[in-house]
Number of protein chains: 2
Amino acid sequence: MAITFELIKQCSKTGARAGRLYTPHGVFETPIFMPVGTQATVKAMSPDELKAMGAGIILSNTYHLYLRPGHELVAEAGGLHGFMHWDRGILTDSGGFQVFSLGPLRKITEEGVAFRSHIDGSKHFLSPEKATEIQMALGADIIMAFDECVPYPAEYDYAKASTERTTRWAERCKKAHTRKDQALFGIVQGGMYKDLRAMSARDLVAMDFPGYAVGGLSVGEPKPLMYEMLEHTVPLLPANKPRYLMGVGTPDCLVEGVMYGIDMFDCVFPTRVARNGTVMTSRGKLVVKNAEYARDFRPIDPDCDCYTCRNFSRAYIRHLLKAEEIFGLRLTTIHNLHFLLNFMRNMRKAILEDRFLAFRQEFRAQYQLH
Amino acid sequence: MAITFELIKQCSKTGARAGRLYTPHGVFETPIFMPVGTQATVKAMSPDELKAMGAGIILSNTYHLYLRPGHELVAEAGGLHGFMHWDRGILTDSGGFQVFSLGPLRKITEEGVAFRSHIDGSKHFLSPEKATEIQMALGADIIMAFDECVPYPAEYDYAKASTERTTRWAERCKKAHTRKDQALFGIVQGGMYKDLRAMSARDLVAMDFPGYAVGGLSVGEPKPLMYEMLEHTVPLLPANKPRYLMGVGTPDCLVEGVMYGIDMFDCVFPTRVARNGTVMTSRGKLVVKNAEYARDFRPIDPDCDCYTCRNFSRAYIRHLLKAEEIFGLRLTTIHNLHFLLNFMRNMRKAILEDRFLAFRQEFRAQYQLH
């Protein structure tokens, strides 16, 4: 097994759990948030900065790297780890989500997806076999099965046909996957239909993947509906395997995801909003770009011990952002990632001390107040 | 005296010299290259990265900081040092060069220069007194007299009138300058006319500034003409004061400047070309963005020990630049600044060992070859 999961502590009142994920590039504590490095770089960050804030696994995107610089080139460079000089964990997605997002630029068949590059319009074809081949070349520790993310809203019949195809594709991925030092995760789909979620989970669990993702959530549906799906789906997954909720990374959703038993998360949220001048604090979000912070010489979050908060003021960061200086984007990104990684560590601590529900309540009180 | 200059070694065959500059924020070895941090940040860099590569003094721009975020705000933040979290040396220019560069947006009188902001078109007026007041608020270790940079080419009569006015402005700056922890440098002008350079130097030296800049060079004139002006002008400046050649920073010009007796340099060159994908190496420049480096897994410069060259390949850097990733700009900027600071250290070593001419010859042979 390329990876193994150790369950350390199960919350006595919720599904929340603390564990350890053993990978070829280190052991990582769960629940974990994985910063997104779409193009073989977490935007604005250096590997050393990510390490300094305790990042363990990062996510990179197969679709982007396949188009540029190309997976063969990355393989020649010693895989993603060597190419980007990152010796901790990496997870790659399958490219499915990105090609489906291309809209009119793509066409789905049983065989796979034909699409045009968003960069130069060139024609390409991704299939379960091709997505797996690319991910084997990229060489991440964890790779994902090629799936269709059922859009929201979707008719029942479409969702059912799509989910069944995703299951067939998962089988083809499993067959195509031959690297013993990588773990291939299956992805549960099913749209917002509980029976389809159950069907998807049942079929994928039968294939015995080393880990499972819950896909097709946080795609535009109301949050209560997402939580309902999680509550329904997660218990259908084996307790001894890691569970990964794709594309989710706001503090409130992280808390709920953990509560329902999710171990792994990724999202562009902290890095993307950082570059737009929005930062997270222990009292909620703060738009540091706003005029009210022009003469505010306090750190972003007085309770935070990140590089940004230890050394720079809101006023300085606002100035940098207004002046479109790269260092401003670096400082807000450092803070947001540090904040979220720390947030996960605090949640883990609460689980270990069996006070997760209290943590959740405290968080909800504090975060809504501001 | 806010700053003092110690002459350590004079080359036996050229004007080149090695010295030490004592400032309120540290002692810095000369000849020195000062990275440019126009808007209170050296583009793409953190203060820690600058320190790690041995940067001593950085330059910041009065014009930009006056317009945004405003000098009063910077003063409230504890001056530039506090605002940008930089505890080594800072030099601010006077804003003169920038407002004169505004072309039709500015109007010069004896009193000063009326201009419109390049940001929002608002009206402003800079005078010797105002430029000095702003620079006192910014609080750099070294500040510059408000001057007119005579354009190239310029008629003799215009150059003469402008240079005489610059001298009168220098007197007004001196009178307005009251901060004892700052050194105010005079700027020698005179265009490309040797008698005007001599007049400017004579008049400014009579005012006994703690340091002198040579301004109005590298403004479009042929390099041999710039060198001729340097050869003529530098010997007119006192040997016991630092000499600063403004806006010059390509390796070839640095070598020639040092040869004629210059101690300090600044230029956006290394940081600007870095962001365009051009890097300096011991064998000349290299456009790392070019297709030929797509599969080149060597570092930018195998002889370089900067963070970039120790950890990342040309192929990875090219990928980042093509994908418009911030980290690519960081890596090329780190390399170029490290290269240039190291280049200055090597020149200093050659001076101390009295083999500067040999250094120059070697450099010229190597650099032109590639």
Side-chain angles (χ1 to χ4, degrees), chain A residues 37-50 52 61 64-65 67-70 72-78 80 82-87 119 271 275 293-297 307-308 310-331 333-334, chain B residues 37-50 52 64-65 67-70 72-78 80 82-87 119 271 275 291 293-297 307-308 310-331 333-334:
Chain A
T38 299
Q39 306 190 102
T41 170
V42 174
K43 286 195 192 302
M45 292 294 94
S46 75
D48 303 75
E49 285 162 344
L50 292 170
N61 290 106
H64 291 87
L65 295 175
L67 289 180
R68 185 174 59 194
E72 290 105 341
L73 190 154
V74 174
E76 273 179 60
L80 260 180
F83 187 54
M84 65 185 291
H85 187 61
W86 177 252
D87 58 8
I119 300 169
T271 42
R275 296 196 307 281
Y293 303 115
R295 294 184 126 81
D296 190 334
F297 300 110
Y307 173 71
T308 303
R310 277 186 284 115
N311 300 305
F312 302 93
S313 67
R314 296 173 181 182
Y316 180 60
I317 295 164
R318 175 180 188 268
H319 161 67
L320 293 179
L321 294 173
K322 296 298 282 185
E324 297 184 345
E325 285 286 356
I326 288 169
F327 193 43
L329 311 179
R330 290 179 57 182
L331 290 177
T333 303
I334 285 174
Chain B
T38 299
Q39 305 191 103
T41 171
V42 175
K43 285 195 194 300
M45 292 294 94
S46 75
D48 303 75
E49 285 162 343
L50 292 169
H64 291 87
L65 295 175
L67 290 180
R68 185 171 59 193
E72 291 104 340
L73 190 154
V74 174
E76 274 179 60
L80 260 181
F83 187 54
M84 65 185 289
H85 186 62
W86 177 252
D87 59 8
I119 301 170
T271 42
R275 295 196 307 283
Y293 303 115
R295 295 185 125 81
D296 190 334
F297 300 110
Y307 173 71
T308 303
R310 276 186 285 114
N311 300 306
F312 303 93
S313 66
R314 296 173 181 181
Y316 181 60
I317 295 165
R318 174 178 189 268
H319 161 66
L320 293 178
L321 294 172
K322 296 297 283 183
E324 297 184 345
E325 284 286 355
I326 288 170
F327 192 44
L329 311 179
R330 290 179 58 182
L331 290 177
T333 303
I334 285 175

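Computed from a prediction, not measured in an experiment: that's the story for all the values here. The sequence lines fix the lettering, A, B, ..., with proteins before strands; numbering per chain opens at 1.
Only the side chain of B/E325 comes within contact range of chain A, with heavy atoms under 4.5 Å apart. Using a 4.5 Å cut-off between heavy atoms, B/F297 contacts chain A through its side chain alone, with no backbone atom that close. For A/I119, no part lies under 4.5 angstrom from a heavy atom of chain B. Looking at A/I334, neither its backbone nor its side chain comes within 4.5 Å of chain B, counting heavy atoms on both sides. In this structure, the portions of A/R68 lying under 4.5 Å from any heavy atom of chain B include both its backbone and its side chain.
One distance of note links OG1 of B/T41 with CG of A/L320; it measures 5.5 Å at 0.5 Å rounding. From B/E49, atom CD reaches atom OG of A/S46 across 7.0 Å, with rounding to the nearest 0.5 Å. Separating the NZ atom in B/K43 from the CZ atom in A/F327 is a distance of 13.5 Å, to the nearest 0.5 Å. To the nearest 0.5 Å, atoms CG (B/L80) and OH (A/Y316) are separated by 9.0 Å.
With hydrogens and angles disregarded, a donor-acceptor distance shorter than 3.5 Å links the side chain of B/H319 to the backbone of A/Q39.
Chosen from A/R318, A/H85, A/M45, A/H64, the residue pairing most often with chain B at heavy-atom distances under 4.5 Å is A/H85.
Counting heavy atoms from C-beta outward, B/L73 and A/R295 have side chains that approach closer than 4.5 Å.
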